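Contents: one structure, followed by commentary.
This structure is a prediction, so every number in the text was calculated from the model and none was measured. So that the names make sense, note that chain A is the first sequence line, chain B the second, and so on, each numbered from 1.
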2 protein chains.
Amino acid sequence: MSQSHTGVPNDTVPDRTVPEDTVPGETCSLGEVLEQVSGKWNIGIIMAAMAGPIRFTELEREVQGISRRMLTLTLRKLERDGLLIRTVHPTVPPKVEYTLTEIAHELHDTFIGLTAWADRHKASIAAARRAYDAQSQGA
Amino acid sequence: MSQSHTGVPNDTVPDRTVPEDTVPGETCSLGEVLEQVSGKWNIGIIMAAMAGPIRFTELEREVQGISRRMLTLTLRKLERDGLLIRTVHPTVPPKVEYTLTEIAHELHDTFIGLTAWADRHKASIAAARRAYDAQSQGA
DNA sequence: CTGTATCCTAGTAGATACTG
DNA sequence: CAGTATCTACTAGGATACAG
């Protein structure tokens, strides 16, 4: 190690030997998670569908700001990953319903926790940003 | 899944009037969440820093697959948002430590839940993808 | 050791128009 | 109603080289 001449004793550093509840072992898992969670609209759509089957136009209204294109794309992606089921009712006019699968429903609590966290801290995050930007300008 | 979408008139569908535990009220909150959670490396870095202050090179090793550039960029973003603190020790060679803030630590359980979910379902997600792709080809 | 700078690619996303 | 097509723009991300 190269810290012997820095004067910093490093016997107080916590061991990085993965305390079994901190790191998921496989990086693969993380990658899979990100694909569901990252993306601008995934969470919004899943949250909107939590209450039960929902139609295309309802989603378009509920997930405000989403474009028709992105709604379609995200829906297809979610369907492909088995997070929701697309049901076409052969009526006229056509009616399509999107229903979350069981595994998607399991994300409910996590997403609630996530949004709660954001709600608790959005003010301080905004403040931190302003502080950082102000300081960056000065520097 | 628990309820069918097979044409049974569903009088049990809950109203879409935001049951106060399902939708975060403001789309803004969601947007803020996504900025912390989306992005390929945010979760990995935060998880790696959960155990205590961690150095640049340690992160580079622990968050496997990340490039130096993305590590720097993500670190800066996280710092700007007040999720971690960057401490420079004016030694030679330089030593920089990244320490999570309290609000970042609060994400621990949520992220654990997320990775656990991914771990539980990654097999069925992969299967769903194969099925979807196979069917798309046929169609 | 801890970054920055540059170049380049692919994916994400918006706008708009068109269709079964 | 529920999409698709096309065109464009921005950003995320990787590779590589250089620097304090």
Are the side chain of [X] and the backbone N or O of [Y] linked by a donor-acceptor pair below 3.5 Å?
{"X": "T101(B)", "Y": "G82(B)", "answer": "yes"}
{"X": "W41(A)", "Y": "S67(A)", "answer": "no"}
{"X": "N42(B)", "Y": "S38(B)", "answer": "yes"}
{"X": "T115(B)", "Y": "I112(B)", "answer": "yes"}

Can you check the [X] [atom1] to [N] [atom2] distance for me, whole Å?
{"X": "K95(B)", "N": "dT2(C)", "atom1": "NZ", "atom2": "C1'", "answer": "13 Å"}
{"X": "Q36(B)", "N": "dA12(D)", "atom1": "CD", "atom2": "C1'", "answer": "16 Å"}
{"X": "L71(A)", "N": "dC1(D)", "atom1": "CG", "atom2": "C1'", "answer": "13 Å"}
{"X": "I54(B)", "N": "dT2(C)", "atom1": "CD1", "atom2": "C1'", "answer": "14 Å"}
{"X": "R86(A)", "N": "dC1(D)", "atom1": "CZ", "atom2": "P", "answer": "16 Å"}
{"X": "E60(B)", "N": "dC1(C)", "atom1": "CD", "atom2": "P", "answer": "9 Å"}
{"X": "I45(A)", "N": "dT12(C)", "atom1": "CD1", "atom2": "P", "answer": "13 Å"}
{"X": "R55(A)", "N": "dA2(D)", "atom1": "CZ", "atom2": "C1'", "answer": "9 Å"}

side-chain contact (heavy atoms from CB on, under 4.5 Å), paired with V96(B), selected from T57(B), I54(B), V88(B):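 Considering T57(B), I54(B), V88(B), a side-chain contact (heavy atoms from CB on, under 4.5 Å) with V96(B) is found only for V88(B).
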From dG3(C), dG3(D), dC1(D), nucleotide with atom closest to R76(B) side chain: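 The closest nucleotide is dG3(C).
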Side chain of V96(A) - closest among dC1(C), dA2(D), dT12(C):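 Closest nucleotide among those given: dA2(D).
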Nucleotide-resolved protein contact map, nucleotides 13-20 of chain C, B/S/- at heavy-atom distance under 4.0 Å: BBB----B
Bending between helix ends of the helix from dC1(C)-dG20(D) to dG20(C)-dC1(D) [5 pairs per end, 10° resolution]: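 The end axes of the helix from dC1(C)-dG20(D) to dG20(C)-dC1(D) are about 50° apart, to the nearest 10°.
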Worked verdict on F56(B) versus L75(B) for side-chain contact (heavy atoms from CB on, under 4.5 Å): CA-CA 9 Å; F56(B) 188 88; L75(B) 248 17; 4.0 Å; yes
Shared hydrophobic cluster for Y132(A) and I46(B) (ILVMFWY, side-chain gaps under 4.5 Å):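 In one cluster: no.
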Test side-chain contact (heavy atoms from CB on, under 4.5 Å) applied to L78(B) and Q36(B), step by step: CA-CA 8 Å; L78(B) 257 18; Q36(B) 307 311 326; 4.2 Å; yes
Reported CZ-to-CG distance for the pair R76(A) and D81(A), which is rounded to 0.5 angstrom: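 Rounded to the nearest 0.5 Å, the CZ-CG separation comes to 13.5 Å.
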Any Y98(A) side-chain N or O less than 4.0 Å from OP1/OP2 of dC1(D):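 So the side-chain polar atoms of Y98(A) never come under 4.0 Å of the phosphate oxygens OP1 or OP2 of dC1(D).
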